[in-house]
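To keep things clear, I will list the structure first and then write my remarks on it.
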Amino acid sequence: MKETLRYLAGFAGPSGFGSNSTAEQVTQDCSCLFPSQLTAIITGATSGIGAETARVLAKRGVRLIIPARDVKKATEVKERIQKESPQAEIFLFEMDLSSLASIKSFCSGFLSLGLPLNILINNAGKFSQKLEFSEDKVEMTFATNYLGHYFLTDMLLEKMIETADQTGIEGRIINVSSIVHSWVKRDAFHFSHLRNPINYNGTRAYAQTKLANILHAKEIARQFKEMNARVTINAVHPGIVKTGIIREHKGFITDSIYFLASKLLKTTSQGASTTCYVALSQQINGNTGKYFVDCNEKNCSSLAGDESLARKLWKQTHQLIHRRLSQPIS
């Protein structure tokens with residue numbers, strides 16, 4: 001009850017920001033803190049929180065790389081951003097996050113530019129009400145929200161470590177998760193069921209991917225520490241925002257619920273604030289493997305904090321990707 005009241009009132013936490021803080025507010029003093037221009041890749045930047053994250057980072061002088069399945073929508077976002085920030089440098093690529101081959105192609109294209117990479121924001125999210133499979137024969141929500149981001153991160157790790165070493169600027173990876181990760185119970189979290197569920201439930205599948213996003217951050221953070229890499233990875237909960245995921249399932253009941261809960265909903269800019277804060281704030285230098293809510297570090301579920309489970313999931317995912325890439329796609 002106390003936390004809910006603090007949320008509704010927008011009380012600031014130790015960072016100086018809270019649930020009512022916007023992406024522009026939390027990055028207001030960040031643009032002058034870096035010795036050179038930063039480069040960021042943002043998935044899911046064609047709408048909602050991702051588009052707002054892109055807009056605000058561009059306003060702070062960050063060079064943007066936007067991979068998108070719908071290049072037309074990405075072009076419209078680019079035009080809107082450059083209308084507000086004419087000097088913004090934005091590169092667009094076609095990429096389907098549910099396809100390992102598409103991700104591999106994007107990474108090859110990006111790396112061929114010879115640009116640095118300071119920030120990777122794994123923001124894109126999908127909610128499938130019905131059971132669908134990707135071209136790699138993996139359940140679509142899992143393929144998009146988790147597997148695709150895992151592979152994208154893996155393909156870009158070397159570039160991020162290299163950039164951090166050359167510039168002296170800490171690299172940052174942000175996995176956009178959700179508070180619904182805490183809905184997942186240990187006995188229901190099985191890798192084989194994640195990629196090929198027996199009894200599919202859209203809400204459960206979505207929650208499981210958001211748990212996997214945090215576990216991924218935990219394990220990569222551990223690996224970075226072993227390598228003494230100057231790159232951090234953290235997970236964030238953006239808050240409850242009426243994004244494209246919700247709009248895909250609009251109807252009388254959904255709209256009524258969101259109308260009644262409107263006081264709990266964040267604006268898109270408030271929803272993007274935690275991602276932007278973790279991407280640019282100097283207050284959290286060196287923090288890695290953490291979970292942030294309302295621009296402040298919070299505790300994730302005990303399951304999400306299980307380091308042995310995180311390591312097991314990473315290994316199982318690595319093996320799955322290796323198998324899929326070594327097999328011809330039929």
Side-chain angles (χ1 to χ4, degrees), residues 1-34 38 40 42 44-45 47-62 64 77 80-81 84-85 88 118-123 125 170 172-182 210 213-214 217 232-246 258 261-288 290-300:
M1 184 65 178
K2 184 178 179 181
E3 284 297 314
T4 302
L5 292 174
R6 289 182 63 84
Y7 173 86
L8 290 171
F11 288 142
S15 68
F17 303 109
S19 61
N20 291 345
S21 300
T22 66
E24 287 199 26
Q25 289 171 342
V26 304
T27 60
Q28 196 163 13
D29 300 321
C30 293
S31 56
C32 61
L33 298 176
F34 300 99
L38 302 181
I42 309 174
S47 64
I49 293 170
E52 177 66 3
T53 299
R55 182 189 74 83
V56 172
L57 293 191
K59 191 170 184 177
R60 302 309 179 209
V62 178
L64 301 181
V77 169
R80 287 199 301 270
I81 291 174
E84 179 183 4
S85 303
N118 308 93
I119 302 167
L120 171 61
I121 300 177
N122 292 321
N123 165 81
E170 180 180 272
R172 302 226 175 141
I173 302 171
I174 297 96
N175 283 358
V176 177
S177 181
S178 170
I179 197 170
V180 302
H181 81 272
S182 61
K210 293 305 175 179
N213 289 150
I214 300 178
T232 64
I233 178 169
N234 292 289
V236 304
H237 166 53
I240 307 171
V241 182
K242 191 172 184 179
T243 64
I245 290 177
I246 297 299
Y258 271 82
S262 61
K263 293 299 182 181
L264 294 173
L265 292 182
K266 286 188 173 188
T267 65
T268 303
S269 190
Q270 290 169 341
S273 64
T274 305
T275 299
C276 290
Y277 173 79
V278 176
L280 294 182
S281 176
Q282 298 301 290
Q283 293 187 62
I284 62 166
N285 277 348
N287 280 267
T288 190
K290 307 297 184 182
Y291 175 64
F292 287 84
V293 180
D294 298 333
C295 301
N296 290 277
E297 185 182 333
K298 298 287 185 181
N299 292 325
C300 56

Hey, could you give me the CD1/OG1 distance between Ile233 and Thr288, rounded to the nearest 0.5 Å?
7.0 Å
Is there a side-chain contact between Gln282 and Asn285 in this structure, where contact means two heavy atoms from C-beta onward sitting under 4.5 Å apart?
yes
Angle between ring planes, His237 versus Tyr291, binned at 30° and 60°: parallel, tilted or perpendicular?
parallel
Would you kindly say whether Arg172 and Asn287 are connected by a side-chain donor-acceptor distance under 3.5 Å?
no
Checking Asp294, Thr22, Asn20 against Lys266 for side chain to side chain donor-acceptor pair (under 3.5 Å), the one that qualifies is Asp294
Looking only at heavy atoms, which two atoms of Leu57 and Ala40 are closest? And how far apart?
CD1-CB, 4.3 Å
Contact summary for Ala45 and Val77, nearest pair of heavy atoms:
O-CG1, 3.6 Å
Side chains of Asn296 and Ser15: donor-acceptor distance under 3.5 Å anywhere?
yes
On a heavy-atom basis, which atom in Ile214 and which in Ala235 lie closest, and how many Å separate them?
CG1-CB, 3.9 Å
Heavy-atom closest pair (Ser177 atom, Pro238 atom, distance to 0.1 Å) is O-CD, 3.5 Å
Considering only heavy atoms from C-beta outward, does the side chain of Ile119 approach that of Ile173 to under 4.5 Å?
no
Asn122 side chain reached by Asn213 side chain, heavy atoms, under 4.5 Å
no
Spacing of Ser273 atom OG and Glu52 atom CD [to the nearest 0.5 Å]:
9.5 Å
Counting C-beta onward and ignoring hydrogens, is there a side-chain heavy-atom pair between Val26 and Val56 closer than 4.5 Å?
no
How long is the gap from OG on Ser269 to CZ on Arg55, to the nearest 0.5 Å?
6.0 Å
To the nearest 0.5 angstrom, please state how far the CG atom of Leu38 sits from the CG atom of Leu280.
6.5 Å
Does the side chain of Phe292 come within less than 4.5 Å of Ile174's, by heavy atoms?
no
Using only atom types and a distance under 3.5 Å, with no angle test, would you say the side chain of Gln270 pairs donor to acceptor with the backbone of Thr267?
yes
Flag the pair Ile284 / Tyr277 as yes when at least one side-chain heavy-atom distance between them is below 4.5 Å, and no otherwise.
yes
Looking only at heavy atoms, the pair that brings Ala279 and Ile121 closest together is CB-CD1, 4.4 Å
Where do Cys295 and Thr274 come nearest, in terms of heavy atoms and distance?
N-OG1, 3.1 Å
Reported CD1-to-SG distance for the pair Ile179 and Cys300, which is rounded to 0.5 angstrom
11.5 Å
How many angstroms lie between atom CG of Asn123 and atom OG1 of Thr53, to the nearest 0.5 angstrom?
5.5 Å
Side-chain contact, heavy-atom cut-off 4.5 Å: Val176 with Ile49?
no
Within-4.5 Å side-chain heavy-atom neighbours: Phe17 and Gln283:
yes
